[in-house]
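Have a look at the structure below, then the notes.
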Amino acid sequence: MNRLAALILAALSGFALAQPQPAVQVVTHAFSTADERLVLDVYLPADYPQDADLPVIFMIHGGGYVAGRKEILAPYAAYFAERGYAVVTPQYRLAPIHPYPTPISDVVCALAWTTTNPDGYPFDLSRVAIIGESAGGNAAALLAAHDDLPALLDGCAYALPNEFTFRAAVTYYMYGDLTTCTARCGLLKRVTGGYLGVNLLELGSRQLEAAWADASPLAWIDGSEPPTLVIHGTADNIVPISESEHYAERLADVGVTVEVLYPDGAPHGFIEKFAVTGSIEARDAVEAFLARMLAEDGSSN
């Protein structure tokens with residue numbers, strides 16, 4: 001090796017050593033044998049202590065149940081893992097090939113994997129929050145409100161603990177009603193119709209409620225839901241803000257602790273636009289909300 005090559009090699013070696021170490025580690029696991037796509041990612045702080053008990057965020061991607069993938073939430077999941085959370089992001093099967101309840105059953109199975117924790121991660125299962133965006137917001141709200149999640153574990157190899165509860169829930173531009181919007185919900189109704197297996201564009205308000213049946217979180221709300229932060233941009237042209245407003249009102253009516261944030265001018269999907277103003281505002285609010293709700297001493301003050 002000549003002198004120039006040696007100097008270059010030494011410089012490159014020093015550069016490599018000087019690089020910052022990753023702040024987050026990500027591990028992928030299969031949680032079901034029903035389909036090879038049924039995997040989840042676990043995000044952890046890279047340097048967590050071996051005796052750690054990390055609060056857990058179970059995070060669900062959107063896409064109208066007909067599109068989307070867990071990777072769209074990767075920057076958001078990594079952000080919270082860097083701040084001391086364990087984050088789990090599952091992939092689920094999509095409609096119309098796999099209509100309701102399959103996507104929800106997949107998500108519940110991933111939650112059962114998380115609470116069973118077969119790989120011994122440092123999960124504090126007394127401090128679990130759920131976050132979802134769009135269709136994932138619908139799923140998060142449904143899981144937080146549902147009174148019989150084990151009934152959705154069709155063919156799952158894992159079970160939920162008795163009396164499992166979330167300590168907090170966060171929904172981004174969720175939907176679950178569709179009776180409060182007409183022309184504004186055309187695209188949303190077409191997509192959701194594929195998920196439910198019904199042409200929602202032909203239904204009136206009462207028929208819409210019946211079509212949702214137990215697939216809507218609003219059908220399950222009874223006051224047992226965890227403290228919830230409801231987020232929705234004012235410029236959303238896919239899911240009208242009335243969907244989140246109605247949901248927040250229903251929670252408040254039955255005595256659930258509910259907070260709302262409606263970032264001005266934020267469009268649909270802004271959780272994925274990591275550096276825009278509405279996304280930063282919402283992320284800061286979520287961070288503060290979870291810090292209170294998942295406090296280690298059980299306090300939410």
Would you give the length of the straight line joining atom [atom1] of [X] to atom [atom2] of [Y], rounded to the nearest 0.5 angstrom?
X    : Y    : atom1 : atom2 : answer
I130 : T171 : CD1   : OG1   : 10.5 Å
L73  : E272 : CG    : CD    : 7.0 Å
N138 : S216 : CG    : OG    : 6.5 Å
L152 : L143 : CG    : CG    : 7.5 Å
D106 : I60  : CG    : CD1   : 11.5 Å
M174 : H246 : CE    : NE2   : 10.0 Å

| Residues forming a side chain to side chain donor-acceptor pair (under 3.5 Å) with H98, sequence neighbours excluded | none

| task | Taking side chain to side chain donor-acceptor pair (under 3.5 Å) as the test, write out the residues that go with S134, two or more places apart. | result | H268

| request: Mind jotting down which residue pairs meet the salt bridge (Lys or Arg N to Asp or Glu O under 4.0 Å) criterion with at least one end in residues 243-253? Sequence neighbours excluded, please. | output: none

Would you say [X]'s side chain and [Y]'s backbone share a donor-acceptor pair under 3.5 angstrom?
X    : Y    : result
T116 : A112 : yes
Y247 : P217 : no
E82  : F80  : no

State yes or no: do [X] and [Y] share one hydrophobic cluster built from I, L, V, M, F, W and Y residues joined by side-chain heavy-atom distances below 4.5 Å, directly or via other members?
X    : Y    : answer
L229 : V258 : no
L94  : I238 : yes
I57  : F164 : no
L149 : I221 : no
L153 : V107 : yes

Does the side chain of [Y] come within less than 4.5 Å of [X]'s, by heavy atoms?
X    : Y    : result
F123 : T115 : no
D53  : P122 : no
T89  : F58  : no
V27  : Y121 : yes
L125 : V128 : yes
S105 : C156 : no
T179 : W212 : no
V56  : Y85  : no

| Which residue pairs pass the ring pair (Phe, Tyr, Trp, His ring centres under 6.0 Å) test with at least one member in residues 187-210, sequence neighbours excluded? | Y65-Y195, Y100-Y195

| request: Scan residues 128-155 for pairs that pass ring pair (Phe, Tyr, Trp, His ring centres under 6.0 Å), counting only residues two or more places apart or in two chains. | output: H146-W220

| query | Can you list the steps and then say if L111 with F166 is a side chain to side chain contact (heavy atoms under 4.5 Å, CB included)? | reply | CA-CA 11 Å; L111 177 64; F166 294 103; 3.6 Å; yes

Restricting to non-hydrogen atoms, name the atom on [X] and the atom on [Y] that form the minimum distance, rounded to 0.1 Å.
X    : Y    : value
P99  : P103 : O-CD, 3.4 Å
D222 : S224 : OD1-OG, 2.6 Å
P240 : C181 : CG-CB, 3.8 Å
A95  : G194 : CB-O, 3.7 Å
F31  : Y158 : O-CE1, 3.5 Å
L261 : A282 : CD2-CA, 3.6 Å

| request: Test side chain to side chain contact (heavy atoms under 4.5 Å, CB included) on V170 and F289 and set out the steps. | output: CA-CA 9 Å; V170 179; F289 179 74; 3.9 Å; yes

| task | Please find out if less than 6.0 Å separates the ring center of Y173 from that of Y175. | result | no

Between side-chain atoms of residues 32-43 and protein atoms elsewhere (two or more places apart, or another chain), which donor-acceptor pairs fall under 3.5 Å?
unit_1	atom_1	unit_2	atom_2	d
S32	OG	A34	N	3.0
D35	OD1	R37	N	2.8
D35	OD1	R37	NE	2.9
D35	OD2	R37	NE	3.4
D35	OD2	R37	NH2	2.7
D41	OD1	T28	OG1	2.6
D41	OD1	K70	NZ	3.4
D41	OD2	K70	NZ	2.9

| task | Could you tell me whether R283 sits above the aromatic face of Y76, with NZ or CZ closer than 6.0 angstrom to the six-membered ring centre and within 45 degrees of the axis? | result | no

| message | A cation-pi test, strictly: NZ or CZ of R83 under 6.0 Å from the centre of the six-membered ring of Y79 and no more than 45 degrees from its axis. Yes or no? | response | yes

| Within 6.0 angstrom of I97 CD1, more than 12 heavy atoms from elsewhere | no

| query | Checking side chain to side chain contact (heavy atoms under 4.5 Å, CB included) for the pair E259/T228: CA distance, chi angles, key distance, verdict? | reply | CA-CA 6 Å; E259 301 177 17; T228 301; over 6 Å; no

| Stepwise, does the side chain to side chain contact (heavy atoms under 4.5 Å, CB included) test hold for R127 with M293? | CA-CA 8 Å; R127 295 189 291 156; M293 298 304 164; over 6 Å; no

